[in-house]
Amino acid sequence: MKNNEITPKKYQFSGKMVNAYFDADFADLEKLVKKESTILVTDENIFEKQKNKFAGWKTIVLKAGEQFKNQKAVDQIIGQLIELNADRQSFLVGVGGGVITDITGFAASVYMRGIRFGFVPTSILGMVDASIGGKNGIDIGVYKNLVGIIRHPEFLLYDYSFLETLPHEEWINGFAEIIKHGCIKDDEMFRELEEKSLKDFEISKNEIGSLVERNVDIKYKVVASDEFETGERKLLNFGHTIGHAIENTAKLPHGSAISIGIIAASIISEKINGFSNLQTEKVKALLSKYHLPVAFDFNKEVKEKTWQVLLHDKKKAGSDMNFVVLDEIGKASVKKISLNDLHEIFFSLN
Ligand SMILES: NC(=O)c1ccc[n+]([C@@H]2O[C@H](COP(=O)([O-])OP(=O)(O)OC[C@H]3O[C@@H](n4cnc5c(N)ncnc54)[C@H](O)[C@@H]3O)[C@@H](O)[C@H]2O)c1
Ligand SMILES: [Zn+2]
(Lines give C-alpha, C1' and ligand atoms only; values in the text may rest on other atoms or scores of the structure.)
(Ligands and ions follow the chains in the order given, each with its own letter.)
Protein backbone atom coordinates (compact mmCIF):
# COMPACT_ATOMS: atom_id res chain seq x y z
CA MET A 1 0.00 0.00 0.00
CA LYS A 2 2.69 2.45 -0.94
CA ASN A 3 2.33 5.52 -3.21
CA ASN A 4 -1.08 6.46 -2.01
CA GLU A 5 -2.87 3.58 -3.63
CA ILE A 6 -4.89 1.51 -1.25
CA THR A 7 -6.43 -1.60 -2.71
CA PRO A 8 -8.36 -4.04 -0.60
CA LYS A 9 -8.71 -7.77 -0.84
CA LYS A 10 -12.43 -8.44 -0.88
CA TYR A 11 -14.16 -10.98 1.31
CA GLN A 12 -17.77 -11.61 0.33
CA PHE A 13 -20.16 -12.73 3.05
CA SER A 14 -23.90 -13.11 2.56
CA GLY A 15 -25.13 -9.57 2.06
CA LYS A 16 -21.84 -7.96 2.99
CA MET A 17 -18.49 -7.31 1.37
CA VAL A 18 -15.61 -6.77 3.77
CA ASN A 19 -12.53 -4.97 2.46
CA ALA A 20 -9.28 -6.20 3.98
CA TYR A 21 -6.17 -4.05 3.73
CA PHE A 22 -3.17 -6.25 4.45
CA ASP A 23 0.27 -4.83 5.11
CA ALA A 24 -1.25 -1.39 5.46
CA ASP A 25 -0.30 1.64 7.46
CA PHE A 26 -2.50 2.89 10.28
CA ALA A 27 -2.21 6.36 8.72
CA ASP A 28 -4.17 5.00 5.74
CA LEU A 29 -7.24 4.95 7.96
CA GLU A 30 -7.76 8.54 6.85
CA LYS A 31 -8.34 7.27 3.33
CA LEU A 32 -11.07 4.93 4.51
CA VAL A 33 -13.08 7.13 6.89
CA LYS A 34 -13.73 10.81 7.52
CA LYS A 35 -11.64 11.79 10.50
CA GLU A 36 -14.17 14.29 11.87
CA SER A 37 -16.99 11.76 12.10
CA THR A 38 -14.90 8.78 13.19
CA ILE A 39 -14.36 7.60 16.74
CA LEU A 40 -11.74 5.03 17.63
CA VAL A 41 -12.19 2.52 20.44
CA THR A 42 -9.13 0.94 22.01
CA ASP A 43 -7.82 -0.27 25.37
CA GLU A 44 -5.41 1.32 27.83
CA ASN A 45 -2.45 -0.93 26.96
CA ILE A 46 -2.59 -0.27 23.25
CA PHE A 47 -3.29 3.43 23.75
CA GLU A 48 -0.26 3.76 26.04
CA LYS A 49 2.13 1.73 23.91
CA GLN A 50 1.10 3.09 20.53
CA LYS A 51 0.23 6.63 21.55
CA ASN A 52 1.51 8.40 18.45
CA LYS A 53 -0.85 6.46 16.19
CA PHE A 54 -3.89 7.90 17.97
CA ALA A 55 -2.84 11.55 17.71
CA GLY A 56 -5.57 13.68 16.20
CA TRP A 57 -8.28 10.98 16.43
CA LYS A 58 -11.23 11.09 18.80
CA THR A 59 -10.59 7.98 20.90
CA ILE A 60 -12.52 6.10 23.55
CA VAL A 61 -10.09 4.22 25.78
CA LEU A 62 -11.46 1.19 27.65
CA LYS A 63 -9.90 -0.88 30.43
CA ALA A 64 -7.93 -3.82 29.02
CA GLY A 65 -8.85 -7.45 29.52
CA GLU A 66 -11.58 -10.05 29.18
CA GLN A 67 -13.03 -9.10 32.58
CA PHE A 68 -14.02 -5.75 31.07
CA LYS A 69 -15.73 -7.22 28.01
CA ASN A 70 -19.10 -6.42 29.50
CA GLN A 71 -22.20 -4.23 29.31
CA LYS A 72 -20.46 -1.58 31.40
CA ALA A 73 -17.90 -1.10 28.63
CA VAL A 74 -20.72 -0.83 26.08
CA ASP A 75 -22.46 1.75 28.28
CA GLN A 76 -19.21 3.68 28.52
CA ILE A 77 -18.89 3.76 24.73
CA ILE A 78 -22.52 4.82 24.30
CA GLY A 79 -22.14 7.53 26.96
CA GLN A 80 -19.09 8.92 25.20
CA LEU A 81 -20.74 8.71 21.79
CA ILE A 82 -23.59 10.84 23.12
CA GLU A 83 -21.10 13.33 24.56
CA LEU A 84 -19.32 13.47 21.21
CA ASN A 85 -22.66 14.08 19.46
CA ALA A 86 -22.23 10.94 17.40
CA ASP A 87 -25.07 10.40 14.93
CA ARG A 88 -26.01 7.90 12.25
CA GLN A 89 -23.21 9.18 10.02
CA SER A 90 -20.60 8.48 12.69
CA PHE A 91 -18.15 5.64 12.21
CA LEU A 92 -16.60 3.49 14.95
CA VAL A 93 -13.23 1.81 14.53
CA GLY A 94 -12.14 -0.84 17.03
CA VAL A 95 -8.35 -0.76 17.37
CA GLY A 96 -7.32 -3.69 19.50
CA GLY A 97 -7.40 -7.38 20.25
CA GLY A 98 -10.49 -9.57 20.18
CA VAL A 99 -11.93 -7.98 23.30
CA ILE A 100 -11.97 -4.52 21.74
CA THR A 101 -13.22 -5.60 18.31
CA ASP A 102 -15.99 -7.74 19.85
CA ILE A 103 -17.18 -4.85 22.05
CA THR A 104 -16.86 -2.23 19.31
CA GLY A 105 -18.81 -4.27 16.76
CA PHE A 106 -21.55 -4.80 19.31
CA ALA A 107 -21.73 -1.19 20.50
CA ALA A 108 -21.77 0.06 16.89
CA SER A 109 -24.56 -2.39 16.07
CA VAL A 110 -26.88 -1.14 18.79
CA TYR A 111 -26.09 2.60 18.94
CA MET A 112 -28.94 4.33 17.07
CA ARG A 113 -29.91 0.86 15.84
CA GLY A 114 -26.60 0.49 14.10
CA ILE A 115 -23.83 2.71 12.80
CA ARG A 116 -20.98 1.67 10.53
CA PHE A 117 -17.79 0.24 11.95
CA GLY A 118 -14.39 -1.16 10.98
CA PHE A 119 -11.57 -2.99 12.72
CA VAL A 120 -7.84 -2.56 13.10
CA PRO A 121 -6.88 -5.82 14.83
CA THR A 122 -3.71 -5.48 16.89
CA SER A 123 -3.15 -8.94 18.44
CA ILE A 124 -2.35 -12.14 16.55
CA LEU A 125 -5.60 -13.67 17.79
CA GLY A 126 -7.51 -10.59 16.68
CA MET A 127 -5.85 -10.61 13.26
CA VAL A 128 -6.41 -14.28 12.43
CA ASP A 129 -9.61 -15.03 14.29
CA ALA A 130 -11.71 -12.56 16.30
CA SER A 131 -12.04 -9.79 13.70
CA ILE A 132 -13.30 -12.13 10.98
CA GLY A 133 -16.75 -13.63 10.71
CA GLY A 134 -19.07 -10.95 12.05
CA LYS A 135 -19.60 -12.27 15.56
CA ASN A 136 -19.59 -9.43 18.08
CA GLY A 137 -20.62 -9.43 21.68
CA ILE A 138 -19.92 -9.28 25.37
CA ASP A 139 -19.79 -11.56 28.41
CA ILE A 140 -22.48 -11.59 31.08
CA GLY A 141 -20.94 -12.64 34.39
CA VAL A 142 -19.32 -16.02 33.82
CA TYR A 143 -21.14 -16.56 30.52
CA LYS A 144 -18.76 -15.79 27.68
CA ASN A 145 -20.19 -14.10 24.59
CA LEU A 146 -23.74 -14.65 25.86
CA VAL A 147 -25.08 -11.43 24.34
CA GLY A 148 -24.19 -10.36 20.85
CA ILE A 149 -24.97 -9.96 17.22
CA ILE A 150 -23.70 -11.10 13.84
CA ARG A 151 -22.72 -8.06 11.78
CA HIS A 152 -19.63 -7.61 9.65
CA PRO A 153 -17.29 -4.61 9.75
CA GLU A 154 -16.87 -2.46 6.64
CA PHE A 155 -13.15 -3.09 6.61
CA LEU A 156 -10.19 -4.73 8.28
CA LEU A 157 -6.95 -2.77 8.31
CA TYR A 158 -3.78 -4.67 9.15
CA ASP A 159 -0.80 -2.67 10.32
CA TYR A 160 1.80 -5.16 11.54
CA SER A 161 3.75 -2.48 13.38
CA PHE A 162 1.17 -2.86 16.17
CA LEU A 163 2.71 -6.26 16.83
CA GLU A 164 5.97 -4.62 17.94
CA THR A 165 4.39 -3.98 21.32
CA LEU A 166 2.31 -7.15 21.62
CA PRO A 167 3.51 -9.10 24.69
CA HIS A 168 5.25 -12.41 23.93
CA GLU A 169 2.53 -14.41 25.74
CA GLU A 170 -0.07 -12.91 23.43
CA TRP A 171 1.92 -14.05 20.40
CA ILE A 172 1.83 -17.55 21.85
CA ASN A 173 -1.92 -17.31 22.49
CA GLY A 174 -2.55 -16.36 18.88
CA PHE A 175 -0.51 -19.25 17.55
CA ALA A 176 -2.86 -21.71 19.24
CA GLU A 177 -5.55 -20.58 16.78
CA ILE A 178 -3.14 -20.66 13.84
CA ILE A 179 -2.17 -24.24 14.69
CA LYS A 180 -5.88 -25.03 15.06
CA HIS A 181 -6.44 -23.75 11.51
CA GLY A 182 -3.59 -25.96 10.29
CA CYS A 183 -5.06 -29.01 12.04
CA ILE A 184 -8.55 -28.62 10.58
CA LYS A 185 -7.88 -27.13 7.14
CA ASP A 186 -4.31 -26.77 6.00
CA ASP A 187 -1.78 -29.57 6.34
CA GLU A 188 0.68 -27.65 4.16
CA MET A 189 0.66 -24.72 6.58
CA PHE A 190 1.03 -27.23 9.42
CA ARG A 191 4.24 -28.52 7.79
CA GLU A 192 5.54 -25.00 7.25
CA LEU A 193 4.97 -24.21 10.90
CA GLU A 194 6.91 -27.34 11.80
CA GLU A 195 9.87 -26.02 9.84
CA LYS A 196 9.78 -22.54 11.33
CA SER A 197 9.74 -21.18 14.85
CA LEU A 198 7.84 -18.46 16.69
CA LYS A 199 10.95 -16.30 16.56
CA ASP A 200 10.97 -16.36 12.74
CA PHE A 201 7.55 -14.74 12.80
CA GLU A 202 8.27 -12.34 15.65
CA ILE A 203 11.22 -10.82 13.84
CA SER A 204 9.84 -10.59 10.32
CA LYS A 205 6.84 -8.53 9.23
CA ASN A 206 6.84 -10.36 5.89
CA GLU A 207 6.68 -13.76 7.55
CA ILE A 208 3.95 -12.84 10.00
CA GLY A 209 2.12 -10.85 7.34
CA SER A 210 1.79 -13.74 4.95
CA LEU A 211 0.88 -16.15 7.75
CA VAL A 212 -1.84 -13.77 8.97
CA GLU A 213 -3.29 -13.40 5.48
CA ARG A 214 -3.29 -17.16 4.96
CA ASN A 215 -5.18 -17.62 8.23
CA VAL A 216 -7.71 -14.92 7.38
CA ASP A 217 -8.34 -16.81 4.13
CA ILE A 218 -8.88 -20.06 6.04
CA LYS A 219 -11.29 -18.55 8.54
CA TYR A 220 -13.09 -16.61 5.80
CA LYS A 221 -13.60 -19.72 3.68
CA VAL A 222 -15.03 -21.70 6.56
CA VAL A 223 -17.31 -18.89 7.74
CA ALA A 224 -18.52 -17.91 4.27
CA SER A 225 -19.51 -21.48 3.53
CA ASP A 226 -21.67 -21.63 6.66
CA GLU A 227 -22.34 -18.21 8.14
CA PHE A 228 -25.03 -19.37 10.53
CA GLU A 229 -23.08 -22.30 11.91
CA THR A 230 -25.13 -25.25 10.78
CA GLY A 231 -22.16 -27.38 9.71
CA GLU A 232 -18.73 -26.40 8.44
CA ARG A 233 -18.30 -23.43 10.81
CA LYS A 234 -18.51 -25.80 13.76
CA LEU A 235 -15.07 -27.09 12.76
CA LEU A 236 -13.63 -23.84 14.11
CA ASN A 237 -14.58 -25.12 17.55
CA PHE A 238 -11.84 -27.74 17.28
CA GLY A 239 -10.06 -27.90 20.64
CA HIS A 240 -12.51 -25.44 22.14
CA THR A 241 -14.95 -27.77 23.92
CA ILE A 242 -12.52 -29.11 26.50
CA GLY A 243 -10.40 -25.97 25.97
CA HIS A 244 -13.09 -23.56 27.12
CA ALA A 245 -14.01 -25.75 30.07
CA ILE A 246 -10.42 -25.96 31.27
CA GLU A 247 -9.87 -22.24 30.60
CA ASN A 248 -12.48 -21.45 33.25
CA THR A 249 -11.69 -24.13 35.79
CA ALA A 250 -7.90 -23.96 35.67
CA LYS A 251 -7.84 -20.19 34.95
CA LEU A 252 -5.54 -20.56 31.98
CA PRO A 253 -4.87 -18.08 29.18
CA HIS A 254 -7.09 -18.88 26.18
CA GLY A 255 -4.25 -20.12 23.96
CA SER A 256 -2.91 -22.45 26.66
CA ALA A 257 -6.36 -23.86 27.29
CA ILE A 258 -6.98 -24.37 23.58
CA SER A 259 -3.63 -26.09 23.21
CA ILE A 260 -4.64 -28.62 25.85
CA GLY A 261 -8.08 -28.86 24.24
CA ILE A 262 -6.45 -29.61 20.87
CA ILE A 263 -4.40 -32.44 22.39
CA ALA A 264 -7.47 -33.86 24.12
CA ALA A 265 -9.46 -33.65 20.89
CA SER A 266 -6.63 -35.36 18.99
CA ILE A 267 -6.64 -38.23 21.47
CA ILE A 268 -10.42 -38.46 21.19
CA SER A 269 -9.96 -38.51 17.39
CA GLU A 270 -7.65 -41.50 17.83
CA LYS A 271 -10.23 -43.33 19.91
CA ILE A 272 -13.31 -42.65 17.79
CA ASN A 273 -12.13 -41.53 14.36
CA GLY A 274 -9.08 -43.55 13.33
CA PHE A 275 -6.68 -40.63 13.73
CA SER A 276 -3.22 -42.06 14.30
CA ASN A 277 -1.16 -41.75 17.44
CA LEU A 278 1.76 -40.65 15.30
CA GLN A 279 -0.29 -37.69 14.13
CA THR A 280 -1.31 -36.80 17.68
CA GLU A 281 2.38 -36.74 18.54
CA LYS A 282 3.01 -34.37 15.63
CA VAL A 283 0.27 -32.03 16.84
CA LYS A 284 1.73 -32.14 20.32
CA ALA A 285 5.24 -31.41 19.08
CA LEU A 286 4.05 -28.45 17.03
CA LEU A 287 2.14 -26.88 19.93
CA SER A 288 5.14 -27.40 22.13
CA LYS A 289 7.43 -25.83 19.54
CA TYR A 290 5.28 -22.70 19.73
CA HIS A 291 5.63 -22.62 23.53
CA LEU A 292 2.13 -23.90 24.22
CA PRO A 293 1.39 -26.38 27.04
CA VAL A 294 0.39 -29.91 26.08
CA ALA A 295 -0.13 -31.76 29.37
CA PHE A 296 -3.43 -32.42 31.05
CA ASP A 297 -1.87 -32.97 34.48
CA PHE A 298 -4.42 -31.15 36.59
CA ASN A 299 -5.49 -32.24 40.04
CA LYS A 300 -8.59 -34.32 40.55
CA GLU A 301 -10.68 -31.38 41.72
CA VAL A 302 -9.98 -29.35 38.57
CA LYS A 303 -10.71 -32.36 36.35
CA GLU A 304 -13.97 -33.04 38.16
CA LYS A 305 -15.02 -29.39 37.86
CA THR A 306 -14.05 -29.34 34.19
CA TRP A 307 -16.18 -32.41 33.56
CA GLN A 308 -19.17 -30.70 35.18
CA VAL A 309 -18.65 -27.67 32.91
CA LEU A 310 -18.44 -29.98 29.89
CA LEU A 311 -21.79 -31.49 30.77
CA HIS A 312 -23.34 -28.05 30.30
CA ASP A 313 -21.78 -27.53 26.87
CA LYS A 314 -24.13 -26.37 24.13
CA LYS A 315 -22.87 -29.16 21.89
CA LYS A 316 -24.33 -31.81 24.19
CA ALA A 317 -27.26 -33.62 22.63
CA GLY A 318 -29.02 -35.96 25.07
CA SER A 319 -26.55 -38.66 26.11
CA ASP A 320 -24.18 -37.75 23.27
CA MET A 321 -21.93 -34.84 22.52
CA ASN A 322 -21.13 -33.47 19.07
CA PHE A 323 -17.38 -33.29 18.96
CA VAL A 324 -14.97 -31.91 16.37
CA VAL A 325 -12.41 -34.59 15.56
CA LEU A 326 -9.55 -34.87 13.10
CA ASP A 327 -9.67 -37.33 10.21
CA GLU A 328 -6.05 -36.48 9.50
CA ILE A 329 -3.91 -33.38 9.90
CA GLY A 330 -5.61 -30.75 7.75
CA LYS A 331 -9.03 -32.39 7.75
CA ALA A 332 -11.72 -32.41 10.44
CA SER A 333 -15.31 -33.51 10.91
CA VAL A 334 -18.01 -33.54 13.58
CA LYS A 335 -18.73 -36.89 15.23
CA LYS A 336 -21.06 -37.91 17.99
CA ILE A 337 -19.46 -39.35 21.09
CA SER A 338 -21.43 -40.85 23.96
CA LEU A 339 -20.99 -39.14 27.30
CA ASN A 340 -19.91 -42.48 28.76
CA ASP A 341 -17.07 -42.84 26.29
CA LEU A 342 -16.14 -39.18 26.65
CA HIS A 343 -16.05 -39.59 30.44
CA GLU A 344 -13.71 -42.53 30.16
CA ILE A 345 -11.34 -40.84 27.74
CA PHE A 346 -11.49 -37.53 29.59
CA PHE A 347 -10.41 -39.02 32.91
CA SER A 348 -7.63 -41.03 31.29
CA LEU A 349 -6.02 -37.91 29.74
CA ASN A 350 -2.72 -36.88 31.23
N1 LIG B 1 -15.72 -12.64 17.36
C2 LIG B 1 -15.12 -13.80 17.19
O3 LIG B 1 -15.41 -14.53 16.24
C4 LIG B 1 -14.04 -14.20 18.14
C5 LIG B 1 -13.20 -15.28 17.83
C6 LIG B 1 -12.18 -15.60 18.72
C7 LIG B 1 -12.02 -14.87 19.88
N8 LIG B 1 -12.87 -13.83 20.15
C9 LIG B 1 -12.71 -13.04 21.38
O10 LIG B 1 -11.44 -12.42 21.38
C11 LIG B 1 -11.03 -12.18 22.72
C12 LIG B 1 -9.59 -12.54 22.86
O13 LIG B 1 -8.83 -11.72 21.99
P14 LIG B 1 -7.34 -11.30 22.33
O15 LIG B 1 -6.55 -12.48 22.69
O16 LIG B 1 -6.87 -10.41 21.25
O17 LIG B 1 -7.55 -10.52 23.71
P18 LIG B 1 -7.39 -8.99 24.15
O19 LIG B 1 -8.13 -8.07 23.27
O20 LIG B 1 -7.69 -8.96 25.59
O21 LIG B 1 -5.84 -8.72 23.92
C22 LIG B 1 -4.89 -9.44 24.68
C23 LIG B 1 -3.96 -8.49 25.45
O24 LIG B 1 -3.04 -7.93 24.54
C25 LIG B 1 -3.07 -6.53 24.62
N26 LIG B 1 -2.76 -6.05 23.27
C27 LIG B 1 -3.44 -6.28 22.14
N28 LIG B 1 -2.81 -5.76 21.09
C29 LIG B 1 -1.70 -5.17 21.56
C30 LIG B 1 -0.62 -4.47 20.97
N31 LIG B 1 -0.54 -4.33 19.63
N32 LIG B 1 0.33 -3.97 21.77
C33 LIG B 1 0.28 -4.17 23.10
N34 LIG B 1 -0.69 -4.83 23.72
C35 LIG B 1 -1.66 -5.34 22.96
C36 LIG B 1 -4.42 -6.17 25.15
O37 LIG B 1 -4.42 -4.93 25.81
C38 LIG B 1 -4.68 -7.33 26.11
O39 LIG B 1 -4.06 -7.06 27.34
C40 LIG B 1 -11.97 -12.98 23.60
O41 LIG B 1 -12.87 -12.12 24.24
C42 LIG B 1 -12.72 -13.88 22.63
O43 LIG B 1 -14.03 -14.17 23.05
C44 LIG B 1 -13.86 -13.49 19.31
ZN1 LIG C 1 -10.11 -19.61 20.42
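Indexing begins at 1, ligand by ligand and atom by atom, following the structure's order. Nothing here was measured: the structure is a model prediction, and the numbers come from that model.
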Exercise for the section: Confirm or rule out an N/O/S atom of Asp129, from backbone or side chain, lying less than 2.8 Å from the Zn ion (ligand 2). Expected result: no
Problem - N or O pair under 3.5 Å between Gly65 and ligand 1 - result: no
Handout entry: ligand 1 contacted by Gly174 (non-hydrogen, < 4.0 Å)
Key = no
Problem - Asn173 heavy atom under 4.0 Å from ligand 1 - result: no
Practice task
Indicate yes or no: does an N/O atom of Lys49 lie under 3.5 Å from an N/O atom of ligand 1?
Solution key: no
Problem - Pair listing, salt bridge (Lys or Arg N to Asp or Glu O under 4.0 Å) test, anchored in residues 328-350, at least two apart - result: Asp327-Lys331
Exercise for the section: Closest by any non-hydrogen atom to atom 26 (N) of ligand 1: pick that one out of Ile138, Val120, Leu166, Asn45. Expected result: Leu166
Handout entry: Polar atom proximity, Ala130 to ligand 1 (N or O, under 3.5 Å)
Key = yes
Problem - From Lys16 atom NZ to Glu227 atom CD, the distance as rounded to the nearest 0.5 Å - result: 11.5 Å
Problem - Salt-bridge contact Glu83-Lys58 (side-chain N to carboxylate O under 4.0 Å) - result: no
Exercise for the section: Please say whether Asp102 places an N or O atom under 3.5 Å from an N or O atom belonging to ligand 1. Expected result: yes
Problem - Test of proximity, Phe162 against ligand 1: N or O pairs below 3.5 Å - result: yes
Problem - Aromatic ring pairing Phe346/Phe296, orientation class (parallel under 30°, perpendicular over 60°, tilted between) - result: perpendicular
Practice task
Measure from the ring center of Phe91 to the ring center of Phe117 and say whether it is less than 6.0 Å.
Solution key: no
Problem - Centroid-centroid distance, Tyr160 to Phe22, less than 6.0 Å - result: no
Exercise for the section: Please verify whether a non-hydrogen atom of Glu48 lies at under 4.0 Å from ligand 1. Expected result: no
